[in-house]
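All of these numbers come straight from a predicted model, not from anything done at the bench.
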Amino acid sequence: MHTIRIGDSLDRLGESPCWDARTGALAWIDALAGTLHRWWPASGARETHSLPAPIGAVAPCRDDAVVVALQHRFARYDYGTRQLATLARIDCDHPDVRLNDGKCDAWGNFIAGTLHYNRAADAPLLGGLYRLRPDARLEKLAEGFALTNGPCFSPDGRTLYVADSAARTIWSFDYHPERALAGRRVFAQTEALGSGPDGATVDAEGHLWTALVRTGELARFAPDGRLERRVALPLSYPTSLCFAGPQLATAYVTSISRSVRLAGTRPHDGGLFAVEGLPAPGLPTQVFGRPH
């Protein structure tokens, strides 16, 4: 495996890379700056869009748009018109709670959770894990997450993985698009790896990849939760990854230059990186909206 930097973008808190096979474009965000990037690997074309900061996550829609997790609301952003339309608001408007990472399921729903910062040790955790449906109905699926990250799905879509980075734990749930979550269990714990798990994705062999933000690595876990490998990266703080390209053979990794708590010290921190030579390709990106 080898890693190269892509372009010269410099994000304070790069996050939420996602591949749109329909347009052949990779999107990602600078969560703190409120920047949405879009880049076409085949041509090298790029564009940027400004959204209200902070941004938690984005995912492609079935047309030329993305669904966006903003501070306390979900919205749809149209690339062509550059218009942002609110879809739903979460049941919490506390200033220290905001939506964070998210991803779509195989049925066109968007799953995203919150982070709760500046919280006293004895204070209740606010927010939770939410499911936004294409008709803008919003459900709360779970509570008790301090820092939700890395929601992603098994190849059959029936297992949801979601991390609490503060607890250094990846959980798994039995998942059905029309039912409550069930069977919550520990999938993997990363305390011994020196980092909380951050953004995540699943490859075609059913292995889960997560960014070990504190150690500058990616970790790959087998479907049974066993650590299969660690991959060192030439950056201080990787945040998330996705598989992209025509064969889904390349993993693109976002990173931090200077977030609220972390400041990178390496020359390319805050950049976008491509990791090639992986043991398996990724899964097709799921998109927001009703399947045709």
Point-to-point distance, once rounded to the nearest 0.5 Å, from [atom1] of [X] to [atom2] of [Y]:
{"X": "D101", "Y": "E15", "atom1": "CG", "atom2": "CD", "answer": "6.0 Å"}
{"X": "L141", "Y": "L160", "atom1": "CG", "atom2": "CG", "answer": "8.0 Å"}
{"X": "D30", "Y": "S16", "atom1": "CG", "atom2": "OG", "answer": "12.0 Å"}
{"X": "L272", "Y": "I4", "atom1": "CG", "atom2": "CD1", "answer": "10.0 Å"}
{"X": "T285", "Y": "L26", "atom1": "OG1", "atom2": "CG", "answer": "9.0 Å"}
{"X": "L129", "Y": "W171", "atom1": "CG", "atom2": "CH2", "answer": "13.0 Å"}

Are [X] and [Y] connected in the hydrophobic side-chain network, where two residues link if heavy atoms are under 4.5 Å apart?
{"X": "Y252", "Y": "L248", "answer": "yes"}
{"X": "W28", "Y": "V275", "answer": "yes"}
{"X": "F243", "Y": "V231", "answer": "yes"}
{"X": "L235", "Y": "L278", "answer": "yes"}
{"X": "I256", "Y": "V260", "answer": "yes"}

Side chains of [X] and [Y]: does their closest heavy-atom pair fall under 4.5 Å?
{"X": "T239", "Y": "D11", "value": "no"}
{"X": "R229", "Y": "W209", "value": "yes"}
{"X": "R230", "Y": "L227", "value": "yes"}
{"X": "L36", "Y": "R38", "value": "no"}
{"X": "F153", "Y": "L283", "value": "no"}
{"X": "W40", "Y": "E47", "value": "yes"}
{"X": "R76", "Y": "V67", "value": "no"}
{"X": "P41", "Y": "W19", "value": "yes"}

- Y79 and V66: side chain to side chain contact (heavy atoms under 4.5 Å, CB included), yes or no, with the steps? CA-CA 8 Å; Y79 282 119; V66 284; 3.3 Å; yes

What is the minimum heavy-atom distance between [X] and [Y], and which atoms define it?
{"X": "S240", "Y": "A200", "answer": "OG-N, 4.2 Å"}
{"X": "A211", "Y": "L241", "answer": "N-CD2, 4.2 Å"}
{"X": "P151", "Y": "G102", "answer": "CG-CA, 3.7 Å"}
{"X": "A222", "Y": "H207", "answer": "CA-CD2, 3.4 Å"}
{"X": "F187", "Y": "P223", "answer": "CE1-O, 3.4 Å"}
{"X": "R266", "Y": "S236", "answer": "CG-OG, 3.3 Å"}

Kindly say whether [Y] contributes a backbone atom to a donor-acceptor pair with the side chain of [X] at under 3.5 angstrom?
{"X": "R73", "Y": "T86", "value": "no"}
{"X": "D164", "Y": "F145", "value": "no"}
{"X": "T201", "Y": "C242", "value": "no"}
{"X": "H72", "Y": "V97", "value": "yes"}
{"X": "S255", "Y": "P238", "value": "no"}
{"X": "R185", "Y": "G183", "value": "yes"}

- Does a donor on one side chain sit under 3.5 Å from an acceptor on the other, for R131 and Y175? yes

- Message: Walk me through whether T190 and R168 qualify under side-chain hydrogen bond (donor to acceptor under 3.5 Å, both in side chains).
- Response: CA-CA 5 Å; T190 63; R168 300 196 169 190; 5.6 Å; no

Between [Y] and [X], does any NZ, NE, NH1 or NH2 come within less than 4.0 Å of an OD or OE carboxylate oxygen?
{"X": "D198", "Y": "R214", "value": "no"}
{"X": "R179", "Y": "E139", "value": "no"}
{"X": "D105", "Y": "R133", "value": "no"}
{"X": "R46", "Y": "D8", "value": "no"}

- Working for side chain to side chain contact (heavy atoms under 4.5 Å, CB included), residues L51 and I29: CA-CA 10 Å; L51 296 174; I29 59 172; 5.7 Å; no

- Message: I need the single residue from T148, T114, D91 that forms a side chain to side chain donor-acceptor pair (under 3.5 Å) with Y130. Which is it?
- Response: D91

- Would you please classify the geometry between the H94 ring and the H116 ring as parallel, tilted or perpendicular, with 30° and 60° separating the classes? tilted

- Task: Mind running side chain to side chain contact (heavy atoms under 4.5 Å, CB included) on I111 and K103 for me, showing each step along the way?
- Result: CA-CA 5 Å; I111 312 299; K103 200 172 265 88; 5.9 Å; no

- Message: For R22 and D63: C-alpha separation, side-chain torsions, deciding distance, then whether salt bridge (charged side-chain N to carboxylate O under 4.0 Å, His left out) applies.
- Response: CA-CA 9 Å; R22 185 185 62 82; D63 52 8; over 6 Å; no

- List the steps and the verdict of side chain to side chain contact (heavy atoms under 4.5 Å, CB included) for S154 and Y161. CA-CA 8 Å; S154 59; Y161 302 101; 4.3 Å; yes

